[in-house]
Structure formats: structure tokens, C-alpha cells
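A note on names: the letters A, B, ... follow the listed sequences, proteins ahead of strands, and every chain is numbered from 1.
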Number of protein chains: 4
Amino acid sequence: MTINVDLNCDMGESFGRYILGQDDEVLQYVTSANIACGYHAGDPPVIDKTVSMAGQHKVGIGAHPSYPDLQGFGRRYMEVDEEDLKSFLVYQIGALQTMARIHGYPLQHVKLHGALYLQAAVNGSLAHLAAEVIASIGKDIIFLAQAGTEMIRAGEEAGLKTAQEFFSDRNYDDEGKLLSRKHAQAMVEKREEAVERAIRVLTDNIVITPWGSKVNLGKVDTICIHGDTPTTVSFAYDLRNKLEKEGINVKPLAQFL
Amino acid sequence: MTINVDLNCDMGESFGRYILGQDDEVLQYVTSANIACGYHAGDPPVIDKTVSMAGQHKVGIGAHPSYPDLQGFGRRYMEVDEEDLKSFLVYQIGALQTMARIHGYPLQHVKLHGALYLQAAVNGSLAHLAAEVIASIGKDIIFLAQAGTEMIRAGEEAGLKTAQEFFSDRNYDDEGKLLSRKHAQAMVEKREEAVERAIRVLTDNIVITPWGSKVNLGKVDTICIHGDTPTTVSFAYDLRNKLEKEGINVKPLAQFL
Amino acid sequence: MTINVDLNCDMGESFGRYILGQDDEVLQYVTSANIACGYHAGDPPVIDKTVSMAGQHKVGIGAHPSYPDLQGFGRRYMEVDEEDLKSFLVYQIGALQTMARIHGYPLQHVKLHGALYLQAAVNGSLAHLAAEVIASIGKDIIFLAQAGTEMIRAGEEAGLKTAQEFFSDRNYDDEGKLLSRKHAQAMVEKREEAVERAIRVLTDNIVITPWGSKVNLGKVDTICIHGDTPTTVSFAYDLRNKLEKEGINVKPLAQFL
Amino acid sequence: MTINVDLNCDMGESFGRYILGQDDEVLQYVTSANIACGYHAGDPPVIDKTVSMAGQHKVGIGAHPSYPDLQGFGRRYMEVDEEDLKSFLVYQIGALQTMARIHGYPLQHVKLHGALYLQAAVNGSLAHLAAEVIASIGKDIIFLAQAGTEMIRAGEEAGLKTAQEFFSDRNYDDEGKLLSRKHAQAMVEKREEAVERAIRVLTDNIVITPWGSKVNLGKVDTICIHGDTPTTVSFAYDLRNKLEKEGINVKPLAQFL
């Protein structure tokens, strides 16, 4: 049986004089780029350059829209009216889609950012709003979202392809939900273990909880590479190599979904 | 001989709690809308609503990009690097184009705003930059610009259709250039006179200077209706009525260019 | 017995090209100005001019800080970290205090704006944070806040003078809390009634609920004049005249607290 | 003869998630901090923390105001109206002054940032505007500015103490002006040479041009340490040590001006 997986990473988060991430290096190992759209990070010159670099590396180009909150990096909940939020999303995704088109690339996917991602995971109304906006922009755009969440359900109901995302460096509970970051065992600290977990979940859909129970997460399509740590590049390199050694195909979502 | 003309007006300049213009009324009389893209005015909900209203009135939808300067309303010169400026333009026009597409309308035209418009009128390098950005987004997008300026030349060289704009309430000099606003006779104060000037320039391309000489401005395609005065609506109504009484067809640029 | 009352109104809410409110007219009738500090509204030139006008009218100058949200006019809840919020408040109040000092006026008071005001009314922790920030800037600055709320308690505990605010155009419940705006009878529609309510609460501290019960609100120091309605100026004029006819002294907080 | 000198460095340039500079380390060696005020860099939490750290290191606290241009880092010329610019300056300096006061420190100095600094060096009108704003905020605030420029003259005329700044890593021409950065020999590349130049100019006011002529720069009060290079910390350490070995006193401006 052929197993395919995508590696996604947040990118284009620099802004003016401020440099964030090592996009040019990470792009050698990941297969999908979630590109900031100017609301939590990124400015048009940064977005433009990131789209161009991602395309040259044959990495799938995605929009990474957020609440409008540069100072808070999109990590703060904001009580945004639903109609306003729709327009915020179209504006961001639309700008990025045109950037990509001018460089000759399609918009492969959308992944929500930060506080918006976390809320839409559990808030069906918000998840549907996002899915419908994406579908209105393009029926062939993939909705990249945390596996098993409201976002995945909403994406399917909106007729979108969805990409189920796995966090190899985070622990899950018995219901397949991420352990809160406040939990002492929220993080999987050892790199080898994170790699093992990725291989396991791709092979038989199973993740082991900190207390030893097995949870079936269902099919996983993409693994999140956190973009802003000192070890991002080496982890991406390692993970990709080990996945490929296991015979797993690492490629952009659009090539297998 | 059939004479066609478009009436264009700046719109979508409200922002959050701040209301500017009387877009819903003006849209009854004009035929092209220059919609702010969020840099000098407009926010995504405002843009979204304006695009929708303009489309319902069968008014041509245009992007009205600017320097990034909300507090200065895009009226201040900024020393923006050319590569950065390209990206600023793609971002703004791209966002608006997607907004329009979702509502089922094409992007008819682009008109630069404020300080950017004034500079590109006389700066060939800037004019070419703008024309090339527009052409890269769509070869069929019309470049709406002041008649006889560098913008028109650049648009033609970039293979774009251009719409030559006339200001019926402004005086011109012997070379067909606008008299500086500092000049005592810069403005045509009387409404009847402004209407007469519009009819004359459409009929035989002639405009009369304050000192009585005749200047041939060439073909005029569109007349600017200033959007932010107390008399905008009544002037637009008057001008349109009188043009139509003269047998001049008032319709969106895309229907006759 | 002498009864004193202050009339406060939000001001300085214009921004760049956007004009909001009729500050120059309202300043003839109110006695305290809550001046926007640039986070929900106002820009430095607007603040500067508003401070100057308020001072010339001998109106008490107050800072009106907010969450950082121009597009949402500070009316949206934002999940701001407490340490960050402290700095946001110092920054805004500090800028306004210096503006006032340069024009020769003291900072009389601080009133929180929008979502921040509504939350601090019921959230003791937030109320204390705000009160402590104000006290750190100046022990003699008055904390203007809704009567009977957590803000008043926090202000007292921080050693500040507090100004208890009454909304003459809003109905209260049996516990002296404002009826939610969603309630059918939230608003007092008739101007005469609003004026009567103001006189009554100043005279014997009593407000009548929509269902006829009497509630004692305690001492009231200031009445809120909503700044952004078409009838703001005429209501302020009426209210002030009628209060003075009843022998009530209308003057800035600093003159009687 | 006692020779005193201050070492100044730009600080507080981080913003939200974006980290810039190594303020905590640099503060060990410099004696004055030019703290960003939120217009080109810095946000209130960053400013607050930087003020606190600078004060703990007994480093003089300065405001570093700019044009309002976060994306351009204040390095782009903007055509700002003079009255508006005054208010922009008061707002920024005022916010920083209050931050400093709350932590128990005075505002020692003001240094203009970026494009504003470069213009005010040669534009007398702009220089006077800045000097008058500073004097209006406090007659005892030092105006830190490039030696021999319009800023120094304007500061003196406004009755301010001025601190004449020297750039040890830049070459000067025969008139004592900085060579343009476009000039091949604009920069002094070798660290030892930069240190030697600093010692020489402090000792006998002389700087040597790239073509060997001696120029008398007059008295120098402060040397600029560029804050954003990989070698900032080690250069500051070296320079300070070598100055002190020469018997030169390195201390904050307020202690010797």
C-alpha cells in the first residue's frame, strides 16, 4: 500500500525590518507552505518573495489568514462579527491567490492561523464560515485543518477536499484531542519519539497517549512543522529522511488528495 | 457619430465606525466605481459591500490602490522602494479582484489614488511600474488615468486599454495640464460651467483655459466625479442628465473601450 | 443642599480624513471630555486639537484609552495579556497627559472605552489593573466609571477619587445594573424622561425601573452624553439648562470631587 | 583635562512576536538608550520593559521618535504636514516620558529616528520644529543630534542642551559631513580604526578623511553604537574599554552636559 504525506510549515512571517523564520532553508524539506497574509504577520513584499520561493521549490502554496492583529501575532481571541470575519478572510486569501497566480502557481490550500485556528477547531459555526469562504474562492482549494475537528467536518460539508493535520510533537488524549499546552505532558520532547509517532500514525493511524492507551486518529494527510524554533530546519530534514526511508511518499497535498 | 463616456467616482472609503461618502446614492448616476483597497481607506467589510452594491447597479468595478497610509488618506508622498510598491499594488488589486469575482463581477479597471496618482502622472518610471503590475494581473483590465499623462503612455506600452480621464471642475493650461491647486483659477466653481466643459470636451476635445485659449485634450473616456463633497450626488445627477440630453451615451468603460 | 454634577462626553474620535462628532459644539455644554488616545479612534493631530479646544472651554480633560482596534472602534473584546494591557494603558494615557500639559492643562480623569469599559465594570481583576495604572500615573487623576461597578470599587481601593457615572437614557434593573441593550426596554427613548431621570437621581439617588420599582443608585457625579448621535448637541444643551434651572451646579469633576 | 563621552544606542525596537537587537547585553556597555516609541518600531510592552532595563543599568533614557511607518521602519521619507508632525512627536515623546516617570526615571534626551533624523540634519525648518517640540515638553531634555547639523543649531536656539553625535564607523568629508552611504568609502570597515577615530575626535576634535585631510568636527559628546549588527555587543564592549583605558570618562549625557 502506498502511503503519502505532506509536510506543512508556516512561512512568510517576516515584516518590514523584522525577520522571522528560515524560509529558504525549510522550503527544501517541506511540501506545503502556509503563507502569512499580512494580518498576523507578513507584508506584501515578504508574501511576494515567499510565494516565489515556495513555487520554485515546487512546494504547495497556501494562505494562512488570521484575525487582524500584528502586535499579537494573531494569537489573541478577538470578538469579530461573522460578516466582518468573512470579508477579512476573502481579503487575505484573495490577495495571496493573486500573488500566486502572477507567479504562475495555483493556491493549493488554506490553513487558518493562531487563535482563529484554535477556535474553529471546536466552534462549528466558525468552521463553517471559514469553509464556505474557501469554497466561494475556489472549489478545488484544500482546507488544511487539525484532524478530526469541526474544521474537517465543515470542509467536507462545503464540498472541499480536506487535509487532516497531525502534530508529531504534541500528545493527544483518549478522544484524539490535543492535550492542552498547560498539561505537563503536552509536548513530545524527544525528536526521535516525534518521528516515531509520525511514522506510526501514517502506518496504522494510531497514536499512543502519555498513559499508554492507543487512539485511532483516522487517516492523516499532513504533518505540521513548527516554523519558528532553532531546530526547525534540522527537524524537517530528519523527519523527511526517515519518512522516506520507511517508504512513505512525501509530497504536496495537491498531488495525492 | 456616437459619443460614449463613463462617469467614475471614488468609493468604499468608509472604515470601521467611520462613514465617508454617499456610495449608495452616487451609484445611481455614475458608471464606474474606484473602490478603496484598504491602504488609504476602506476595510474588507466596506470593500465587500461596495463591490456588491456597485455590481447590482451595473457599475464597472475598479481597484483604487494607494500608498499604505490610512492616517494621511494616501495623500502624502512616501519614498517607497519600487519592488515594495509593486507588491503593495498586487496585494491591493488582488484582494479587490477576488472580492469582485466572488460576487460574480470582473475587475473592470484600476485607478491609482492620491499622491500615487499625482506622481505617476509625471513620473514615467512609476507609471510603467503601475502599468506592468496591472498587465500582470489581467491584460483586459483598463488603466484609468489622467488624460495625456505618463500613465496613459505607460498603459499603452504595457498593452493595456487606457481610459483618459477629464476633470470638468478643474482648469487646464495651454499644454493640457491641470492648473496647480495653488493657482487662483484652479477650480471651475460654477456647476453649469463644469457641465458645459464636459460636453465640449466630449464633442470636440476642446477645453478653454482661464485666459481664453483653446486646448485640444484628445479623446476623453471618463469624467471624474469627486466623491466627498456635499453636492456630489446632485452634481452626478445633473451631469448625467445633461450629457444624455446631448445624446451622449453614459456607460461603463468596459462597454465601449 | 448643594448638588453638583458633571456632564461627560466622548471626543477626539476623528482620524485623518474621517470626521466624527461635533466636538466644538458639544464642548459648549459638557464639563468633561473623554478624549480618544489613538487606539480606538483619534490621531495625534486630532488629540492635540481636541485637548486645546477642551481647555479653552474650561472643560476637564480626560483620557479615554481602549484596546488597540481602530477598525473595530474598540468595541470588540480582545484577549490581551494583563501585562501588555497595563503598558497599552500607560502609553495612551501618558501621551494624552503630555499633550494636555503642553497646552497648560492637567489630566483630570480617565474613562475606559468600549469593550474595555464593559468588561472592567464586571471583572474585578481588570478593574484593579486599570485603577493601579491610573494611580501610578497620578494619584490625583479621577477614575470616571459606571456607578456601582467593580471599577468604582477598584478605584477606591487604589486610593483614587472616583466619579460615579449615570446613563440618563438607559434603563436599570432592580440591582442598579444597566438593562442589556438586547432588552426591549433598554433605552429611555423620550428626551424629557431622560432629563427627568437625571434630575431625580441627582436629587434623591433614585431611578425607576421599567416595571415601576425604585432603585437607589447612590451618589451620582457625572452623566454620560453620547457623542455620536444627531441630537447630541441639542440634548446636551437641554439637559444642562434644565439641571441648572433646578439649581444643580453643572461643572467639571475636579471642581467638586 | 577631563574628557567625557556618552555611548548611545537604539533600543526597544522589538514588536510583538518580532525580536530585534540584544538590548539586555548592549545595556551593559552603553550609557544612553534611544528607545523606539511605537511609530517605526517598539510596542508599549516592549517600551515599558526597555525603559525598566535601561533604568536599572543607570543608562540615560531617550525617546527615539519617527515618522509613522512600522513597515518601512521609519526609513522612508513621508511628506507629513508640519502641524501633524508636531503632534506625532509630542504623542511619541509624551508616551515614553510617562513610561519613564512611572519607573522613576527622567527623560534624558530625544534623538530623531531614520528618515526624520536625516532630513532634520539638513532642513532648518524641520530641525526647529523638532527642537521646539522638545523644549515644550521639557527645557531640560537634551537634543541628541549629528554634530554640526541644523538640529544642533535649532536645539541651541530653542534653549536646549545639545549632544553632538559622532559616527566612528563612518567617513566624513572636508566639510565635516558624513560621506553618503553610496560612496565607496562611506564606511570605516575595521573596528580598530573606528575605535582610533573615536579616541582622536574626543581628544582633539579631528577626524581624518579617506583622502587624508584633517577636519575639525568640534566637540563631540556622544558616539553612536549601531544596535542591529551581529557585532554590536562586542564593539560596544571594546570601544568602552579602550576609551576608558585612554582615561576618557564614559557616562550618560545628563552627567556632564
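- For B/Y237, the OH atom is loosely surrounded, since the number of other residues' heavy atoms within 6.0 Å does not exceed 12.
- Qualifying side chain to side chain contact (heavy atoms under 4.5 Å, CB included) partners for C/V133, counting only residues two or more places apart in sequence or in other chains: C/K86, C/L89, C/V90, C/I93, C/L129, C/I137.
- Residue-level contacts of residues 7-33 of chain B with chain C, in order of numbering, are B/E13, B/S14, B/F15, B/G16, B/R17, B/Y18, B/L20; threshold 4.5 Å between heavy atoms.
- Contact annotation: the side chain of C/P44 never approaches that of B/Q71 to less than 4.5 Å [non-hydrogen atoms, C-beta and beyond].
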